[in-house]
Amino acid sequence: MSAPPARRTAAAAIVDERTSSAPALRKALRYLFPDHWSFLLGEIALYAFITLILTGIYLALFFHPSLAKTVYHGPYAPLRGAQVSEAYKSVIEISFSQKAGLLIRQTHHWAADVFVVAIVVHLMRVFFTGAFRKPRELIWLIGLILLFTSLLEGYLGYSLVDDLLSGMGLAIGYSVLLSVPIIGGPLGLLLFGAPFPGKDLFESRMYIAHVFLLPALLATLIGVHLALVAARHHTQFRRDRRHTERKLVGVPLFPGQAPRSLALMLVVAAALLLLGGLVQINPVWQWGPYEPWLASNGAQPDWYLGWLIGALRLMPSFDVVIGHYTLVPNPFWGGAGFPLFVLLVLAVFPWVERRLTGDRLAHNLLDRPRDAPTRTAFGVAFLGWVFLIFVFGAADRVYVLWGISYETLLNVFRVAIWVLPLGAFFLVRRLCRELQASERIELERERAEAEAAQVEAELQAQARPVV
């Protein structure tokens, strides 16, 4: 039975007298959220992050971040008697011995994938609708930093397991790190403690970064991102005359948005648990423990780093050499230069667009993609360029599945990554302009029909006999 209204009011008065929180709370509860499904993409990322934290706490209770060698004697028969690291053994025990261990571990992995996908799709929505424009450029930059930090966090979590695939991924990452001019070699020795595979303490360093440092950074970035969104208010689509640059139309936090967000959180959590329980992901017991002298066809980091693998494979053999000194080794271009270029292009785009269009006004209304043909065309072309490079990261799997030679794919993609995005740019820009033209024609037709109907009504009124 709920408390009587008078008692609830008295309790609220007591709290307000001691905290003076009523005005702030009233303002927060009246905060308006746009009533459009696309604004829930960011919330999906938030709830996936919360799931990551909760499942990660459970996994941390049983994981041993050590590369010390031990012998496995657990329930998984194919590995019995094998010499493995403490880290790998603890992951196998989590999967087969701990209650709900496999469910939580796979849910954690799926939550990481959904977190990255939700951020990418959310950033795409922001880009193609122009939500990054003044006064929200800083929110856009924080979103980009959040994406690239999440990629690093996922890479470290994937590498902690010390299975064959993660070990190969670490070897690739070590090579890319060494290729960074001037600082790459000293930084690699500082982090790894010795040439690859490094000293045992590197596992502990990865663990600290994955469990403490990067989650704290991600939580801080998410908090700052949400605070800036609340301070500048949400953008909105122009759905009718009520939606203007100065007037926000939406649903209040309570009782409108809060139940909706709570339901979404439960749906996201349920979907991740279902994926963790029903869809197998990263079965490390099949790959076996990592040894530097072992390799496996298709061994590479997790899928969200496939675009870096594709860039490493597509890059021609090119080193910057001064005399007998290699200043910039080849792995730098695909492994470090390419992602830095992508980040730079996306980071400066709000200012480049402002310079090219001369639009220096503040915007609270969103564009439809067709309303900005050049921006939409560039976004499709740039995204297509990165996607094609991502696809080539799986060229070896294409050879295994369909027998298309790696050399043929390499030559085709080295041409396609330039020709297809360029063609997509002109095609999408033309399509957007044609859609704009068709809308103008439709508006003219509707206006003409309205004028004709008005003239006909006036003529009928004049022809009507006066009684």
Side-chain angles (χ1 to χ4, degrees), residues 32-42 117-118 120-137 140 143 233-251 345-346 349-388 391 416-460:
L32 293 180
F33 288 81
D35 190 15
H36 194 273
W37 65 267
S38 64
F39 290 91
L40 298 178
L41 293 170
V117 171
V120 171
V121 178
H122 178 62
L123 287 174
M124 289 172 58
R125 197 275 300 172
V126 170
F127 180 89
F128 286 109
T129 59
F132 56 80
R133 293 174 294 177
K134 182 181 177 181
R136 296 176 178 83
E137 301 95 335
W140 169 252
H233 294 285
H234 280 79
T235 52
Q236 61 182 344
F237 289 100
R238 188 194 297 273
R239 305 173 74 175
D240 53 49
R241 293 182 178 179
R242 298 178 302 160
H243 300 80
T244 67
E245 294 285 1
R246 296 181 176 273
K247 183 179 180 181
L248 178 63
V249 179
V251 295
V345 170
L346 295 175
F349 187 84
W351 289 272
V352 172
E353 184 185 59
R354 183 189 307 172
R355 181 68 177 272
L356 294 176
T357 61
D359 182 7
R360 301 183 181 277
L361 299 176
H363 292 275
N364 295 315
L365 286 177
L366 298 173
D367 291 331
R368 296 174 304 171
R370 70 180 66 178
D371 296 330
T374 302
R375 179 206 302 150
T376 302
F378 174 81
V380 171
F382 192 72
L383 184 65
W385 179 61
V386 175
F387 179 74
L388 286 172
V391 171
I417 61 171
W418 304 111
V419 174
L420 294 183
L422 186 63
F425 175 85
F426 290 106
L427 177 63
V428 172
R429 189 175 64 172
R430 176 65 179 273
L431 179 61
C432 290
R433 289 175 175 174
E434 291 294 333
L435 289 173
Q436 287 181 326
S438 66
E439 283 189 339
R440 287 194 296 268
I441 294 173
E442 183 65 20
L443 288 175
E444 289 294 335
R445 184 185 65 80
E446 292 177 356
R447 187 180 299 111
E449 289 178 352
E451 291 177 356
Q454 183 179 0
V455 170
E456 183 178 357
E458 291 175 355
L459 291 175
Q460 291 177 354

Sub-4.5 Å side-chain heavy-atom contact between R429 and T376: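 No, their side chains stay 4.5 Å or more apart.
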How about L356 and R375: do any of their side-chain heavy atoms sit closer than 4.5 Å?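 A side-chain contact under 4.5 Å is absent here.
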Output the distance between atom [atom1] ([X]) and atom [atom2] ([Y]), rounded to the nearest 0.5 Å.
X	Y	atom1	atom2	answer
I441	E434	CD1	CD	8.5 Å
R430	L435	CZ	CG	11.5 Å
F349	R133	CZ	CZ	10.5 Å
E439	D371	CD	CG	7.0 Å
F128	L383	CZ	CG	6.0 Å
F39	T235	CZ	OG1	4.0 Å

F387 CZ: over 12 foreign heavy atoms closer than 6.0 Å: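 No - once you tally the heavy atoms of other residues, nucleotides and ligands closer than 6.0 Å, there are 12 at most.
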Closest contact, heavy atoms only, [X] versus [Y]:
X	Y	answer
A416	L388	O-CD1, 3.6 Å
A118	L41	CB-O, 4.0 Å
G379	F127	CA-CE2, 3.4 Å
R355	R360	CD-NH2, 4.2 Å
A377	V428	CA-CG1, 3.8 Å
H122	G42	ND1-N, 3.6 Å

Quick check against the 3.5 Å criterion: does W140 have a side-chain atom that pairs as donor or acceptor with the backbone of A131?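 Answer holds: no.
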Ring-plane angle category for F382 and F378, please: parallel below 30°, perpendicular beyond 60°, tilted otherwise.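 Ring orientation, 0 to 90° scale: parallel.
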Sidechain N-carboxylate O distance under 4.0 Å for R440, E444: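 Salt bridge absent between R440 and E444.
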Could you walk me through whether E449 and R445 pass the salt bridge (charged side-chain N to carboxylate O under 4.0 Å, His left out) test, one step at a time? CA-CA 6 Å; E449 289 178 352; R445 184 185 65 80; 2.5 Å; yes
